[in-house]
Amino acid sequence: MVPDVPHYWLHPRDIPEARAAQAEMAARLVAEDDLPPRIARLGGADVSNTRFDPAKMVHAALVALDASADAVLATATESRRADFPYVPGYLAFREVPPLLACWSRLAVRPEVILVDGHGVAHPRGFGVACHLGLVFGVPTIGVAKSLLVGEGEPGPEPGDTVPLMWKGARIGTALRTRRGARPVYVSTGHRVSLETAVAIVLGATRGRRLPTAIRAAHDAANVARLRT
DNA sequence: GCGACAG
DNA sequence: ATCTTGTCGC
């Protein structure tokens with residue numbers, strides 16, 4: 001899953017093997033709904049990094065929340081050395097491995113996971129949310145705080161949306177989740193339609209910019225980092 | 001050739 | 001991603 005070549009730390013802009021792997025996996029993505037009509041357990045995934053860390057530690061967190069009450073049902077974290085650098089377009093090769101360790105220990109299986117990063121709103125249509133969905137075999141949704149590719153500015157009211165467009169095609173939805181806050185970019189990960197994805201994200205927002213599940217994962221990842 | 005570039 | 005206090009606004 002991760003191209004094991006140390007020199008990638010030195011040539012972080014073009015990674016042929018990783019690009020080929022993305023293309024191969026992207027062909028297996030399912031863009032239609034394949035999840036329960038009512039979500040009972042919502043997952044959240046995020047990874048925290050340490051600034052100026054020679055050890056290159058990454059702290060991954062996966063959480064499962066009760067979709068209606070936002071109560072945390074389960075949490076799993078994994079701290080380890082990153083074996084891949086951060087390279088725009090190849091984030092999954094850095095974050096998925098530690099998240100997979102979390103997944104194997106998470107006591108509660110969420111029906112869909114909100115991932116902090118893009119899904120198909122990606123240069124090759126295969127962002128970290130897609131990668132995670134395929135590897136876990138679970139529906140996933142990409143929720144990014146900034147753009148990697150494409151453009152789209154939604155209206156000012158919570159719930160306002162506008163198609164996220166790139167090269168003449170729709171790759172996601174720019175969604176205003178809160179007044180006065182920058183929009184979030186929702187895109188399909190795996191086994192979910194864009195329409196359902198936006199509805200789930202909006203329904204999990206609770207007046208904040210980011211869904212509770214992602215905030216919980218972010219918090220858990222930070223706890224793991226500060227504890228180490 | 002010059003920028004842009006999830007976390 | 002992370003470094004960080006106060007401060008503006010509902």
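In the text below, chain A, chain B and the rest are named by the order of the sequence lines, each starting its count at 1. It should be emphasised that the depicted structure is a prediction, and the values quoted were computed from it without experimental measurement.
A donor-acceptor pair under 3.5 Å is formed between the side chain of A:Arg81 and the backbone N or O of A:Ala55. Of the possible polar contacts, one joining the A:Ser187 side chain to the A:Gly119 backbone as a donor-acceptor pair under 3.5 Å is found. At distances below 3.5 Å, not a single donor-acceptor pair connects side-chain atoms of A:Arg209 with backbone N or O atoms of A:Thr177. Remark: the backbone N or O of A:Met57 is not paired with any side-chain donor or acceptor of A:Arg80 at under 3.5 angstrom.
A:Gly89 comes within 4.0 angstrom of a base, heavy atoms only. When heavy atoms are screened at a 4.0 angstrom cut-off, A:Val128 is found touching base atoms of the nucleic acid. Looking at heavy-atom distances under 4.0 Å, A:Asp46 makes contact with sugar-phosphate atoms alone, never a base. In this structure, A:His218 reaches the sugar-phosphate backbone alone: every heavy-atom distance under 4.0 Å involves primed, P, OP1 or OP2 atoms, never a base.
Nucleotide B:dA6 holds its C1' atom 13 Å from the CH2 atom of A:Trp166, rounded to whole Å. Between the CZ atom of A:Phe126 and the P atom of B:dG7 there is a distance of 18 Å, rounded to whole Å. Whole-Å rounding puts the A:Leu226 CG to C:dT2 P distance at 9 Å. A:Glu95 has its CD atom 9 Å from the C1' atom of B:dA6, to the nearest Å. Protein atom CG of A:Leu99 is 14 Å distant from nucleotide atom P of B:dG7, rounded to whole Å. The CZ-P distance, from A:Phe52 to C:dT2, rounds to 13 Å in whole Å. C:dT2 atom C1' lies 16 Å from atom CE of A:Met57, rounded to whole Å.
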- Task: Map every base of DNA chain C to its dot-bracket character, where paired means a Watson-Crick or G-U wobble contact with both distances under 3.5 Å and | marks a partner outside the strand.
- Result: ..........

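Stacking annotation: A:Tyr86 is stacked on the base of B:dG7 (ring centroids less than 5.5 angstrom apart, interplanar angle below 30 degrees).
Residue A:Asn222 places no side-chain N or O under 4.0 Å from the OP1 or OP2 atom of C:dA1. In this structure, A:Lys145 does not reach the B:dA6 phosphate: none of its side-chain N or O atoms is under 4.0 Å from OP1 or OP2. Dashed line: the shortest gap from a side-chain N or O of A:Ser146 to OP1 or OP2 of B:dG7 is under 4.0 Å.
A side chain to side chain donor-acceptor pair (under 3.5 Å) with A:Ser193 is found for one member of A:Asp34, A:Asp33, A:Thr188 and no other, namely A:Asp33.
A:Asn49 and A:Arg94 form a side-chain donor-acceptor contact under 3.5 Å, judged by distance and modelled atom types alone. A:Thr212 and A:Arg206 are not linked by any side-chain donor-acceptor pair at a separation below 3.5 angstrom, with hydrogens and angles left out of the test.
In this structure, A:Arg109 fails the cation-pi test against A:Phe136, since its NZ or CZ atom is not both closer than 6.0 Å to the six-membered ring centre and inside 45 degrees of the ring normal.
Considering only side-chain atoms of A:His122, the nucleotide from B:dG7, C:dC3, B:dA6 that sits closest is B:dA6. Picking from C:dC3, B:dC5, B:dG7 the nucleotide with the shortest atom distance to the side chain of A:Arg225 gives C:dC3.
Between A:Arg51 and A:Arg178, the residue anchored nearer the 5' end of DNA chain C, judged by the nucleotide with its closest heavy atom, is A:Arg51.
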